Engineer: 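One structure follows; several queries about it will come next.
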Amino acid sequence: MGLRSMIAASLKKAAQKAGYDIPENLAVELTEPKQKSHGDLSTNLALALASNLKKNPREIAHRLTQSLEPVEAVEKVELAGPGFINFTVSRSWYLSGLERLISAGGAYGRSTWGKNSRTQVEFVSANPTGPLTIGHGRQAVLGDTIARMLEATGHEVTREYYFNNAGRQMRVLARSVRLRYLELLGETVDFPEDHYQGQYIVDIARHIFEEKGDSLKDAENSDFFQESAESIIFDEIRKTLKRLNITFDVFYNEKSLYESGKIDEVLTLLKQKGYSYQKEGAVWLKTSEFGQDQDRVIVKSTGEPTYRLPDIAYHRDKLERGFDRIVDIFGADHVATYPDVLAGLTALGYDTDRIRVLIHQFVTLMEGGEVVKMSTRRANYVTLDELIDEAGVDVTRYFFLNRTSSSHLNFDLALAKKQSDENPVYYVQYAHARICSILKKARDQGFDSGGGADLSLLTGEEEMDLIKGLLEYPETVSRAARELAPHLISAFLEKTATLYHRFQHEGKVDPERRVLTENPSLAKARLALCGAARVVLANGLALLGIGAPERM
RNA sequence: GCCCCCGUAGCUCAGCUGGAAAGAGCAACUGCCUUCUAAGCAGUGGGCCGCAGGUUCGAGUCCUGCCGGGGGUACCA
């Protein structure tokens, strides 16, 4: 049991004893005060209760502290300010926490919260009509990191990429390739503006020409062009993702939903249950019965389904595959479409509580202070590969992770290049490299850095601050996983790096406080702390899919 | 018109279910390297938290209305 939950439980007991009811929806909150004089943990419980009970918060706080049974790890309980209760945690508790950190090593921060939960994370899901762009990059990195966080909290994760290879976009792609192919054969073609303009289309056409010569000159249908384009583009997409340390377990395509009859099944079921109807030659879903403002078309009068039908069928399939949790990561353009999908699933009788949708905002590409509208079709984009070439994998991942997904992301490529060596990711990596360096030096100079260090020798303020900071890691991981918020991890790592740099800097100021100090037991204890800091930084960076270099 | 996201330091952004004196990085300025990586540390300046009301003991955080940016609202995905 963590310290917070121990104190929270004890507070709840105290509240009962004092005759206060804690409402169901009110969790006992324990936060780290900004000021050290306010102790290590603080609760606003009395203030929170005050508004319900209509009583003086200080009075409530006083009675709570009176009824509070001692918690072993807590050294001091103080009433402060308008009614805060501040807890000072004992040194020994921190030291035993450090002990646990050291013995856990690479497993430190992992938890069993999602034990036995089969979880699917769907992300990227870009149709194979062109290279991945910076816009896709955000979702790719976000999704992969969320998958990593869920794995770290015990979930059994399947990473899945869904794509549509049955629609109009792909037909246009095939025609684009075919036209470029004909051009290569010397024909004069009129290349329509709404076709894919990118150079990669020409490259694919050339590839086909080299393989097939002019044998496809009079091909009746463009199936071959489509299949070739799809496979070539997908190879590229996979390569790009691989560069970012992202791999998928499943690529699921829309066509298979048609071929397996799952689309028709959904259509039939919806009709049977009375949630769909014919109007003006189209099939409509009664989304208005599920809180939507109007009904939506699922099959056009042309007989072609809208995107909603396969999306519903796909999600039904996810549920049927028995996932306990389904996380969908979508761009802001899906904000209005996923409620339709959930409505369809509800209509089919499924419990959609298992589905969690994370909507992230778009990347706005800036160039010289001006907004550039990206479009794959008009070949107006910066590819993810170009970004990785310029900035490197670590900077790219960090750049996309280090902000909340609900926030718009302004991206100035020129600035990204320029600032790449000033990126905070280097600050974190440097702390890790610095530790590795000092550990190596210790080995070279024959210091004992084995187990069994006497951690009670760690008494300096910077040492204690670092220890306290390190011990926040597991909780940070849990919270980040719960909230699907990777930026909490990067923020934590930056803070940890600061604490470490401060700690090691002490040795520059005062030789007595060097890690490799003359007192061997003290050096050993400090080396153990260095090792612990390294473990936390390395674990955190791994969680973000970012390298932890041993030297820089 | 209606719905969703955003508006916090010069720039990019944090700010945990409302809580104690608004934070970080970068940029600017000032100190600190014969010794564990100065890719660092310490410090200074810089904020009507978009605007106006409201709820509350207490609002950057919640509610309402505006303003500005983005996305949606389609028998496009």
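This is a predicted model, so every value here is computed, not measured. Every chain is numbered from 1, with letters handed out A, B, ... down the list of sequences.
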Engineer: Under 4.0 Å, counting only non-hydrogen atoms across every strand here, what does A:Asp295 touch: a base, just sugar-phosphate, or nothing?
Structural biologist: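 Answer is nothing: A:Asp295 stays at 4.0 Å or more from every strand.
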Engineer: Checking only heavy atoms, does the side chain of A:Gln429 share a donor-acceptor pair with the base of B:A39 at less than 3.5 Å?
Structural biologist: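 No, no donor-acceptor pair under 3.5 Å.
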Engineer: Just the rounded figure in Å: distance from P of B:G69 to NE2 of A:His408.
Structural biologist: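 It is 12 Å, rounded to the nearest whole Å.
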Engineer: Base, sugar-phosphate, or nothing: which does A:Ala80 touch, judged by heavy atoms less than 4.0 Å apart?
Structural biologist: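 It contacts base atoms.
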Engineer: Considering every strand and a 4.0 Å limit on heavy-atom distances, what is the contact class for A:Arg434: base, sugar-phosphate, or nothing?
Structural biologist: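 If one applies the 4.0 Å heavy-atom cut-off, A:Arg434 turns out to touch a base.
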Engineer: What about A:Glu483, does its side chain sit under 3.5 Å from the base of B:C16 through a donor-acceptor pair?
Structural biologist: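 For A:Glu483, whose side chain was compared with the base of B:C16, there is no donor-acceptor pair (under 3.5 Å).
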Engineer: Whole angstrom is fine here: how far is it from CZ in A:Arg168 over to P in B:C75?
Structural biologist: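 So the two atoms are 14 Å apart, to the nearest Å.
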Engineer: Classify A:Asn44 by what it touches in the nucleic acid, base, sugar-phosphate, or nothing, heavy-atom distance under 4.0 Å.
Structural biologist: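 Base, at least one base atom sits under 4.0 Å.
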Engineer: Using a heavy-atom cut-off of 4.0 Å across all strands, would you classify A:Lys34 as base, sugar-phosphate, or nothing?
Structural biologist: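 The answer is sugar-phosphate, as A:Lys34 gets under 4.0 Å only of primed atoms, P, OP1 or OP2.
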Engineer: For the pair made of CD in A:Gln294 and C1' in B:C2, what is the distance, rounded to whole Å?
Structural biologist: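 After rounding, the reported distance stands at 11 Å.
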Engineer: Looking only at N and O atoms, is any donor in the side chain of A:Asn423 or the base of B:A39 less than 3.5 Å from an acceptor on the other one?
Structural biologist: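 In this structure, the two groups form no donor-acceptor pair.
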Engineer: How far does the C1' atom of B:C62 sit from the matching atom of B:U55, given to the nearest Å?
Structural biologist: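 The same atom, C1', in both gives a distance of 8 Å.
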